[in-house]
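Below: the structure, in structure tokens.
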Amino acid sequence: MTGVNSFQVSGYGPERAGWTRLLARDSLARRLDWPILLAALALSGIGAILVFSATRNRTEINQGDPYYFLLRHILNTGIGFALMIGTVWLGHRTLRTAVPILYGASVFLILMVLTPLGSTVNGAHSWIVLGGGFSLQPSEFVKITIILGMAMLLAARVDAGDKAYPDHRTVLQALGLAAVPMLVVMLMPDLGSVMVMVIIVLGVLLASGASNRWVFGLLGAGAAGAIAGWQLHILDDYQIARFAAFANPSLDPAGVGYNTNQARIAIGSGGLTGSGLFQGSQTTGQFVPEQQTDFVFTVAGEELGFLGGGLIIVLLGVVLWRACRIARETTELYGTIVAAGIVAWFAFQAFENIGMTLGIMPVTGLPLPFVSYGGSSMFSVWVAVGLLQSIRVQRPMSA
């Protein structure tokens, strides 16, 4: 106990004291959630193979190097894994105290996208080009700050014992915190990211114990906003066209409906076991656009078949199952809300990404977590895994 007292006397507080007890009485490795970690690593590994298959012959984008995207995907995964370790070391409670700084930084970055520093990719002005072939999509990190910021506000008085559940004023403050970056992202416009953020907000509210009237009210407001956006032509033409093609796939098969139709052909041709790795005609023939990012699941469907695509879904299911368990077992509301927000984020984004390749969801620019190529997405999902691991590691010793 000497180590604990020295930490407390030196001003590190209960957070560092908790780490001292953890290292003294239990092994960090034993307290990690290994299923979620191994499943995430497996997904990133499968993603590397699929990205390589989709880009090795794409000389117009791989700069003449068939390993260009593969090596970058591995690098992104390595950086993401390092960020996860850093997040576990800092701890979700330490990050709770840094929420105002993180929130301000994320809002600043998405505002920078609206300046000449921003760049347009696939119709969405949501990127900052860093040079050297690297770019940053700040909206990916906004998802994390919305989760942490809302959790901080909604859990403050409950974890302190002053309230049994968040009151209406607290809920309004949390919604206001989420609304600011969401409105900026909508201006880009990045409708896919906004959809994910809306689901995150709903998941956070449900986990916080806030009145269900807020949830139903937000659902009603969202439906009314979607109708108003359609009628008032707030959405860009290409976004409206995507929804129209989703409602009627035969509307423009050579235009806006082309991606979905080619994706269905690729997945349908895979059958049970697939055509074989690097043997897919749709993939080799480069018929499916953005196959290394938004439509990476089509590579799995065509070349690995139903079994390969099913394995990806099972691994995603493991991640969600363990995250739900972490949310349920933690004894603090803040940890529960953070874990639940991550579950809502991963679940909806995976469903939307896979669903759009199958034609059951509209096409949006959302990557498949851990699998799709993209640094910003990879970094953010691994930080989320770090948050989940921190919540599990820093449970009370009796939990």
Hey, are D33 and R325 close enough for a salt bridge, meaning a charged N less than 4.0 Å from a carboxylate O?
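The answer is no: the pair does not qualify as a salt bridge.
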
Determine, using the 4.5 Å side-chain heavy-atom cutoff (strictly less than), whether [X] and [Y] are members of one ILVMFWY cluster.
X	Y	value
L205	I199	yes
L202	L183	no
L218	I337	yes

Using the benzene-type ring in the case of Trp, are the ring centres of F69 and F52 under 6.0 Å apart?
no

Would you confirm whether the ring centroid of F81 sits within less than 6.0 angstrom of the ring centroid of F379?
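Not under 6.0 Å, so no.
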
Do the side-chain N and O atoms of [X] and [Y] include a donor-acceptor pair separated by under 3.5 angstrom?
X	Y	result
Q282	Q262	yes
S372	Q292	no
H168	Q173	no

Would you mind reporting whether I46 and F370 have side-chain heavy atoms less than 4.5 Å apart?
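They are not in side-chain contact.
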
Exceeds 12 heavy-atom contacts within 6.0 angstrom, atom CZ of F278:
yes

Just checking L75: does its CG atom have more than 12 heavy atoms from other residues, nucleotides or ligands closer to it than 6.0 angstrom?
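Enclosed.
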
Is there a donor-acceptor pair closer than 3.5 Å between any side-chain N or O of E302 and the backbone N or O of T283?
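Indeed, once roles are kept as given, a pair shorter than 3.5 Å links the two residues.
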
Do R96 and Y334 form a cation-pi contact, if we require the NZ or CZ to be under 6.0 Å from the six-membered ring centre and within 45 degrees of the ring's axis?
yes

